Amino acid sequence: MPAAPFAERARFDARDKVLGRTQFTADIQLPDMLYAMSVPATIAKGRVRSVAIDEAMKIPGVVRVLTAKDFLAPIPPPRGATGMAAAPAVPTIVPDIAYRGAPVALVLAESIEAAVQGAEAIQATYAPSASFSPLITSEGAAREPSEPVKAGNAAEAMARAATIVEAEYECPAQHHNPIETLSTTAVWSGGRLTIYEATQGAQVVKANAAKSLALDPAIIDVKSSYIGGGFGQKGTAQRQTALVARAAMLTGRPVKLVMPRGQVFHNATFRPLSRHKIRIGADASGKMVAIEYDADHQQSRGGQFPPQYHESQPQMYGVADYDGTTANVRIDTQAPGYMRAPHPHPASFAFEGVVDELAYKLGKDPVAFRLAHDAKVDPVSGHPLSSRFLNECIAQGAERFGWSRRSQAPGSMVLADGTQVGFGVACGAYPAITSANIARLRVSADGSTRFAVSAHEMGQGIRTVIAQALLRQLDIDPAKLDLQIGDTSLVPQHLTAGSWGTASVLPAIDAVAAKMKAAIEELLAGRQIDGNLHRKLATVRRPYIEVEVSTLAPGQEERALLGLRAAGYALAGPEYPAFTTFSYIAHFAEVHVEPRTRRVRVPRVVSIADCGRVVSLRTAVSQVRGGVVWAIGSALREETEVDPRFGGWLNNDLADYVVPVNADIGDIDVSFIDRPDPLLNATGSKGLGEVAMVGAAGAVANAIYHATGRRLRRMPIRIEHLL
Amino acid sequence: MTNYADDEDQAAKVDARQNVSRRSALKGGAALAVLPLTFEGPAEAQPTAPMVAGVAVEPAHSVLLSTSVNGKVVEFRVDARSSLLDFLRERLALTGAKKGCDHGQCGACTVHLDGRRVASCLTLAAKAQGREVITIEGLSDGEGLHPMQQAFIDHDALQCGYCTPGQIMAAVALVNEGNATSKERIREYMSGNICRCGAYVGIVAAIEDAASKMRRA
Ligand code: FES
Ligand code: FES
């Protein structure tokens, strides 16, 4: 029986956050702490010849400089290992330079000022490679086909099509740019290494630090209690972690590194440039019957971020025949990675653009056209889609937005001052993935509750979701509820990403609450005691009860827990044994294109999401608004530009990499279908943080077409493209 | 008014008396909590160890700084290169103001200097000489919340919370400047503070809400 709707509650940690009390990694203050500053390579590819540290060591306050000599060889992946276990350790400081900005030294000093001055005084010499490939169009770029995705027979179906549209779309390289940069503090004490790092995967950091530094993972604890925005950047092992840890081990003092943003641009992952060539065929009645879609993206020489651009497109519109290809194009860059809605965001920008083009070609209203393409079955697996209220999202959104006020012809809606107005719609889906979990709950007679579970708080509101679900099940004091997440010393920590947080903690909460209730019942043995659980325990003089549970995703086997314990990775879905599950969203955007400057404004967006049962309405609304802001930034502003002469990124700060500011954002009206998924978990919740963004950039681009008649197929769409 | 000039010595003594070895202090996450992070709270929790960190070696170019931070006089010998942000965070352990860019591009480090909002990463600590600094920690007195802080909670004007102290300090200054007159104006005058989580709709609503309460107060 799926859970009833939830009441709204305030964000669990909002009070500390508005008081400035929330402790982020960079806020950690430890006695005797050293400040670290990394020194980036100034060549795009080659080898370090020498690193002169003498000048740096003369600077008052500089204590030590680490170079490649200070690092041991990492532990190679075990023979025959597959998946995560086969991934090589993230390099430490090594003589080989694979990309501009890779670290060549780490300066340790008594103050930030001395560390910065020390880093500037380091003199490195290099043997640069004769050539390097900075762009996917450069000589030496290596194209490497990857897994295709197919359903039915698209070529055959395409041959029957009465109308075909074909177009190529491109999405640029982009950087996450959470306002908190990368930061690590490491402490080596009593034979244990404790790493405080703003990470979405504490266990990932632990496993990788062990590999990179050739240590037993059992002596490493990683703590990530609050993250100042992650968006996927902080989900992979970072280059700086092992450097800082090694520095703490060599000096015996705590070491903190807050990496400057310019270096983050070069060392962290990013969203790779991707290209999308799509053909959609419709039959004589105007029904989409065939899709052919070739996608590729920029990749580093050894990078592993897969070009999975067919993650949610085949299931969107009930088209049985789909032919999707993918490829990596390997060049000399740091490794790209997962950035919010990694594949569905660029894919939906392209795909929803082509769908819009097709609707126009067929003379159909883009909303009605999408409504006519509901889906019940996943054409790839053949299984039913477990819950899908996309048409409800579209219908409700059209109503709230006032779609009926739109006139179909491009350029037909103009304000008195000549401003062109456009209405655009686009939809999105995101896989509903879930993970195994391990949780421990202790309720005490003194009124306190401690709940340790696998989750990381990066602002999405997972603490609020956990509190909401736990407090609904157990009569405990919310004021003394301590949620201990992101800490590998308590329970194993699964990577938090891919919108699987909520659907992965809820089963653990259900299980732990049931076990706690049973334990209390057994303890009371039929006695009736008034009051909450704390009161009951106090009355029978039991200091506390602690219970532990482990839970699995649908269809998962017990051994998934091994992956969770070892590497923080135990995922299932969106294809479960008998069904496939996605979250859905429909976005409606209004754009205004100014007559003379051609500046594009987005005064309002309406977004309606189907994420199953909504657990925390307030944080869910904020998540969707955030996703829409991201999509507006992506559609109109954000692109990281490669310097083809020297490698590396040109606009590597927040003045030149332009993200949306307050004045760029208008009204964002968000609501939810809030109907439970019948199969994924008992609460009926799917995921939200990623789907929030999917399709929204397409809605903006489609609205620009409607306003101006210009079909712009490359993000970001800027003034110069509309002149 | 408390004078912190001698607190570094004091801190060392307190540490010695309690015999807190580095090892025992660092054993668990809970140990972090023993290091006071603000000036607030009972006298025995006054700043200790964190203020000692980072000054084992006197910087070559130092200046004696005397300033008022959150209503308390602070006297320190500081590195002449030190930004106000690093001074607040690393010397005074007032970590509410955040470093997002260190280049004056994000607003996460916003504090009030003589009542005006400034990017503390672009302000030399030495420039605070004889002036009054207010940080997020000093915005409300004691346990109560400033109307702007309450409004940020009520409108969920935050997600990760990293930009939030800067947003709130900018927002309070904006209202005091008389700029909270319309949504459009608030948006313009809040555009020096980036929220990558995208909480802008909530931030504007919170400022409108708090502005009416601040005017009444
Ligand atoms: S840290 Fe000062 S403006 Fe970004
Ligand atoms: S709340 Fe995360 S950056 Fe604003």
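Predicted model, so just to flag it, every value in this text is computed and none were measured. For the numbers below, each heavy atom of this structure counts, side chains included, while hydrogens, waters and symmetry mates do not. In the text below, chain A, chain B and the rest are named by the order of the sequence lines, each starting its count at 1.
Of the two parts of B:D154, only the backbone, made up of N, CA, C and O, holds a non-hydrogen atom closer than 4.5 Å to a non-hydrogen atom of chain A. With a 4.5 Å cut-off on non-hydrogen atoms, B:D156 touches chain A through its backbone and its side chain both. At a 4.5 Å heavy-atom cutoff, the contact between B:I168 and chain A is made by side-chain atoms alone. Only the side chain of B:T164 comes within contact range of chain A, with at least one heavy atom under 4.5 Å from a heavy atom of that chain. Heavy atoms of B:A108 lying under 4.5 Å from chain A belong exclusively to its side chain. For A:T22, the part lying under 4.5 angstrom from a heavy atom of chain B is the backbone only.
In terms of heavy-atom pairs under 4.5 Å with chain A, the best-connected choice from B:L145, B:T135, B:L139 is B:L145. Interface remark: of the candidates B:G107, B:G96, B:A97, B:C160, B:C160 forms the most heavy-atom pairs closer than 4.5 Å to chain A.
With hydrogens and angles disregarded, no donor-acceptor distance shorter than 3.5 Å links the side chain of A:E180 to the backbone of B:Y162. Judged by distance alone, with hydrogens and angles left aside, the side-chain atoms of B:R91 form a donor-acceptor pair with the main-chain N or O of B:R77 at under 3.5 Å. Judged by distance alone, with hydrogens and angles left aside, the side-chain atoms of A:K17 form a donor-acceptor pair with the main-chain N or O of B:Q159 at under 3.5 Å.
Within 6.0 Å of CG on B:D141 lie no more than 12 heavy atoms contributed by other residues, nucleotides or ligands.
Here the shortest heavy-atom pairing between A:L490 and A:A452 reads CB-CB, 4.1 Å.
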